[in-house]
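Okay, so here's the structure we're looking at.
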Amino acid sequence: MLKYKLNVLDVFEVNEHYIEGTKEVHIDTVILNEDGSDFYRGTTAVRFNRHGIFPLLDTIKGIFDDKNSFMDFVSYLRRYIKQQVRYL
């Protein structure tokens, strides 16, 4: 089981987006193996607006080999941002 450590780096408005109020969040991401060794370190991005939270797949797609790990991380990322939306 992988462990995730996320930290918000930057939040900014996306002016050219067709939905008003869309924001993009850059997240410092550390993914650890069960033994505590690094699996991945880098930056991922998420966009959110009044319709939902949407991880930017081009910042995530090279990290995982299997679909289950990928989907677990995407759902964890969405839950992490959902808790912080009103503060961002």
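What you find for Val8 and Val25 is that their closest heavy atoms are CG1-CG1, 3.8 Å.
The main-chain N or O of Gly36 is never found under 3.5 Å from a side-chain atom of Asn33 such that the two would form a donor-acceptor pair.
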Residues 81-88, side-chain donor-acceptor partners within the protein, below 3.5 Å, at least two apart:
from  : atom 1 : to    : atom 2 : distance (Å)
Gln84 : NE2    : Tyr80 : OH     : 3.3

Side-chain donor/acceptor pairs under 3.5 Å, residues 70-79, sequence neighbours excluded:
from  : atom 1 : to    : atom 2 : distance (Å)
Ser75 : OG     : Met71 : O      : 3.3
Ser75 : OG     : Asp72 : O      : 3.0
Arg78 : NE     : Ile53 : O      : 3.1
Arg78 : NH2    : Ile53 : O      : 3.4
Arg79 : NE     : Ser75 : O      : 3.3

Distance-only check: which donor-acceptor pairs under 3.5 Å involve side-chain atoms of residues 55-64, not counting sequence neighbours?
from  : atom 1 : to    : atom 2 : distance (Å)
Thr59 : OG1    : Ala45 : N      : 3.2
Thr59 : OG1    : Leu56 : O      : 2.7

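Membership of the apolar cluster around Tyr18 extends to Ile19, as traced through chained side-chain contacts below 4.5 Å between ILVMFWY residues. Alongside Val30, the hydrophobic cluster contains Leu32 (criterion: ILVMFWY side chains under 4.5 Å).
With rounding to the nearest 0.5 Å, the separation of OG in Ser37 from CD1 in Ile31 is 12.0 Å.
Note on residues 40-50: pairs passing side-chain hydrogen bond (donor to acceptor under 3.5 Å, both in side chains), not counting sequence neighbours, are Thr22-Asn49, Glu24-Arg47, Thr29-Thr44, Asp38-Arg41.
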